Structure formats: C-alpha cells, structure tokens
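Notes follow once the structure below has been shown.
These figures come from a predicted structure and were not determined experimentally. Computed from heavy atoms alone, side chains included, the values below leave out hydrogens, waters and symmetry copies. Chain naming here is simple, since letters A, B, ... match the order of the sequence lines and numbering starts at 1 in each.
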Amino acid sequence: MPVRLEIRPLPTASIQPLRRSHDAPCPILFAPFAKRMGCLLSLSLLAALPAFGQAPPAPAARFVVVLDAAHGGDDTGGRLGNPTAAAQPEKAFTLALSVRVRSLLAARGFSVVTTRESDVSVTDDRRAEIANRANAQACLSLHASQSGSGIHLYASSLTPAEPARLLAWKTAQAAYVTRSLALAGVLNSALGHAAMTVTLGSTALPSIDSMACPAVAIEIAPELGPNRAITGALDDPAYQARVATALAAAIVQWRAEVRQP
Amino acid sequence: MIPRYQTILFVILLVASIVMSVVLWQLRDRAHQRLLAGQDSAPTQAPEVAPAEQATLLVANDTDNSLLTQTLSLPLPPSSGARARAILGKLLDLYAAPDAAHPVPGGAASIAQVFLLPVPAPDDAPVSGPPANSPQAAAPKDSGTGPQLAVVNLTGAFAASHPSGLETETLTVLSICATLHANLPRVTQVRFLVDGQTRLTLAGHADLTRTYLAAQAVPAEGNHP
Ligand SMILES: [Zn+2]
C-alpha cells in the first residue's frame with residue numbers, strides 16, 4: 001500500500017508541545033499574511049484582556065465563567081450508556097450539564113457565557129473566540145465518556161509561557177497554563193470534597209489551547225463503586241445533579257481564591 | 001375501494017420489508033460483535049523463529065488514569081520497525097483482552113505499520129548550522145545513533161471502534177508513545193496515521209495531527225511499578 005509520509009511542521013506537539021521558534025512568539029514582521037493576521041488577532045484579543053493578577057478585581061466586578069458544552073450538531077461526540085440500551089450522544093449530555101451548571105452559577109451571582117445553547121456545531125476556533133471575548137476568569141469545557149470512572153480533569157499540555165509575551169492563536173493557552181493547573185487543583189479538591197473520584201491529566205485539545213483564560217476540560221464518566229459496579233450512571237439525574245452542584249461549588253471556591261489579595 | 005389483490009400485495013411487501021430489516025439488523029449486530037471481539041490478529045504475529053526477548057509495555061489503566069510498566073518475554077524480529085510493530089501489537093492485544101483495564105477492541109492487527117525515520121531537521125533551522133562533519137549535522141542522516149521519529153499507521157477499524165473520551169483516547173496515545181520510547185530509546189517523536197492518512201482525532205478527542213514527544217509521554221501520577 002503506498003503510504004504518503006508527509007511530516008509537516010505543525011504548530012505544536014503534545015504531550016509536551018514541540019516548540020518551534022516560528023509559533024511561540026508572534027513573528028509579525030516575517031510571518032506570512034495569514035499568520036500575521038492570526039497574530040494581530042491574538043494581539044488585539046490579549047490587549048483587550050485586563051491586567052489579570054496585577055491587581056485583584058474590585059469585589060463588585062463581574063466574575064465571568066465560560067461553559068463550553070463540547071461537541072454539538074454533526075459532531076455527536078461519544079456514545080454514552082450501556083451499549084445494549086438506548087445510547088445518549090455525548091453532545092446532549094454536555095449541553096444538559098452546561099444548562100444545569102449555568103443556572104447554579106447564575107444563582108450564585110456569576111456571569112455565565114456559554115458556547116452553545118442548542119444542538120448546533122461550533123468550531124474549536126469559535127469556542128475559543130467566545131471564551132476570549134468573554135474576558136473570563138474560568139473556562140470549563142464539558143465532555144462525557146463511558147470509559148473510566150468519576151471525573152477526569154485535563155489542563156492543556158502546552159509549555160507554560162510568560163503571560164506578557166504575545167502568543168499565536170493556537171497556543172494562546174500557554175500563557176494561562178499555570179493558572180489553569182491552579183483551577184484544576186481547586187476543581188480536584190472541591191470534587192473530592194463531594195466524594196467524587198477525580199483523575200488529573202494534561203492533553204492537547206485545540207479548543208482549550210486557543211483559550212486565553214484559566215481553562216480546564218472536564219470529562220464526566222460513570223461513578224464506579226467497589227468491584228467496578230456503577231453507582232452513578234450518566235443518565236441518572238441524581239448523579240448529574242451531584243456533578244453540577246460539585247462543579248458550581250468548585251467555581252465558588254475558585255472565585256474566592258482569585259479574589260484573595 | 002382498494003382492490004383485494006392490492007391489499008394482499010401491500011401486506012406481502014410490508015411483511016417482506018420487516019423481515020429484511022430484521023435480517024439486516026442481525027447482520028449488523030453480528031459484524032459489530034466480530035469487530036468488538038478483535039480476534040483477527042494473524043498478520044502481525046512475530047515469526048516463531050525469532051528469539052524471545054524482554055519487552056517493556058506501558059499499559060494504560062482507565063480507573064486511575066495511569067500507565068503501568070509490564071515486562072514481557074516476546075519473540076521479536078531483528079528489524080526495528082518490525083520490532084516496534086510486534087511490541088505495540090502485544091500492547092493492543094492486552095487492551096483487546098476481556099477485563100482489560102483499558103478496553104479497546106482491535107488487538108495486534110490494528111497496527112498496520114510502524115515506520116522509523118530520522119527526526120526531520122526543523123525547517124526554520126538557521127542556514128549557518130554546525131559544520132557538515134560535526135556529530136549534530138551527521139545525526140539526522142545517520143541511521144545508527146540519531147533520534148528517530150516513529151510513524152504509527154493504525155487501521156481505520158481500530159479508530160472506528162476506539163471508545164470515545166478524553167481520558168481513554170489520551171491514554172491510548174500516551175501508552176503507545178511511552179512503550180515505543182521504552183523499547184527503542186532512539187524514538188523521541190511519534191506521529192500517527194490512520195489507514196495511511198492523517199486524521200484529526202482518534203475517536204473525537206485525542207489530537208492525531210500533532211507530533212508527540214515520546215520521552216514525556218508518561219503521566220506524572222501514574223507509572224506504579
Ligand atoms: Zn467529548
């Protein structure tokens with residue numbers, strides 16, 4: 001079989017990104033036109049961001065949380081539920097969870113921005129665009145899977161970069177990786193507090209890698225008890241409610257940490 | 001008034017279409033079961049004449065998101081590419097076994113080929129590089145000592161039947177990268193193809209368009225001996 005082996009110089013690599021000098025800083029002067037426009041876009045987006053971390057926001061400032069219900073439209077995501085039973089597409093689960101968490105957060109005084117409110121396709125770039133325009137203090141990308149157990153938290157695997165440096169669109173998250181890991185830590189402890197099994201990891205996820213905010217991908221898996229028996233099924237409304245409540249509690253804790261002088 | 005013969009014809013056609021859909025459904029189910037069983041592993045078995053050698057597998061575990069080191073004695077062919085394929089085949093056989101901690105159907109037949117190539121020089125490297133006779137300049141062309149890029153060509157059936165999820169897909173990618181690096185230390189980078197083509201993701205999540213750095217593929221929290 002003829003196999004075409006084309007090794008293209010792709011922007012990043014993961015598990016740790018393969019750093020190439022042409023993608024980390026914005027080579028505005030020497031970059032091709034498209035790249036230059038991408039750089040200018042991220043430049044303007046970064047310029048629009050407040051000087052986060054330099055001064056704590058005033059207590060009255062709105063604390064914005066972006067909820068990104070992954071998949072949607074043609075992209076159904078994984079199939080959830082017992083293979084023999086009627087399978088629920090991941091896109092429906094993530095949307096329902098996003099709606100649930102949104103109302104919990106809104107009730108706690110958060111300003112919530114969602115990347116989709118219905119079953120529509122949203123590109124990774126569009127998701128990042130919505131998140132970056134929202135000027136958010138936390139961006140949660142919601143996934144679900146039948147594999148594994150409990151809650152899987154993933155931060156970007158990009159190498160942390162200096163926040164002051166300008167970054168290409170595809171690696172905008174690099175400047176936020178440290179804070180994303182802190183957010184994952186807060187989520188980990190809050191979910192653990194709610195007696196949930198949590199695993200932590202890092203991965204290369206294009207939608208997260210372009211987000212200029214503390215961002216964590218959260219994958220909900222069924223809860224397994226001893227002997228790997230399912231104690232919390234994904235289609236169990238009680239389990240969904242527990243997950244949503246625990247996530248909202250974690251964000252409340254994150255707000256408290258961010259606002260600490 | 002509908003003539004009687006038309007009613008009978010309609011009923012016959014209706015019954016026939018129901019029967020056909022049931023048969024079709026059963027065939028589809030059987031094909032799916034066959035795919036899940038992943039029994040067809042004949043083509044990648046290492047030749048029996050090859051001497052048995054120690055191979056280190058980094059086996060994924062979905063429950064705690066870890067890679068577990070497992071040492072096995074396997075008959076391994078002498079050429080590096082075939083060795084890599086045999087070792088990865090064994091790894092995927094473990095995943096296809098019933099009660100696997102990281103269940104993925106397909107088994108050894110899912111690894112179509114593994115190509116080992118010299119790591120390509122960065123295209124943005126300065127023109128005034130090291131002199132041609134220096135070790136750095138010789139390394140990429142030298143097949144004996146320089147770092148290698150492993151291109152793992154997976155079958156379409158493997159990608160199609162891989163469970164979807166951030167954790168499960170990431171673990172498959174990580175365990176393949178880590179296992180390659182553990183057995184062939186010169187492999188520093190890994191790329192994936194599916195049926196010889198680049199593919200966006202493995203099953204909706206893990207990015208297959210990237211070059212993975214094999215040495216860093218071991219998650220920090222896993223790896224219990
Ligand atoms: Zn997903």
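- The main-chain N or O of B:Leu116 is never found under 3.5 Å from a side-chain atom of B:Gln148 such that the two would form a donor-acceptor pair.
- Heavy-atom pairs under 4.5 Å with chain B peak, among A:Gly150, A:Gly148, A:Ala221, at A:Gly148.
- Side chain of B:Thr198 to backbone of B:Thr209: no donor-acceptor contact under 3.5 angstrom is found.
- For chain A, the nearby part of B:Thr170 is the side chain; its heavy atoms alone come within less than 4.5 Å.
- In this structure, chain A has heavy atoms under 4.5 Å from both the backbone and the side chain of B:His205.
- When the candidates B:Thr63, B:Leu166, B:Val190, B:Thr201 are compared by the number of heavy-atom contacts under 4.5 Å with chain A, B:Leu166 comes out ahead.
- Checked by atom type and distance alone, the side chain of B:Asn183 pairs as donor or acceptor with a backbone atom of B:Thr179 at under 3.5 Å.
- A pairwise comparison of heavy atoms in B:Leu67 and B:Ala60 identifies CD2-CA, 3.7 Å as the closest pair.
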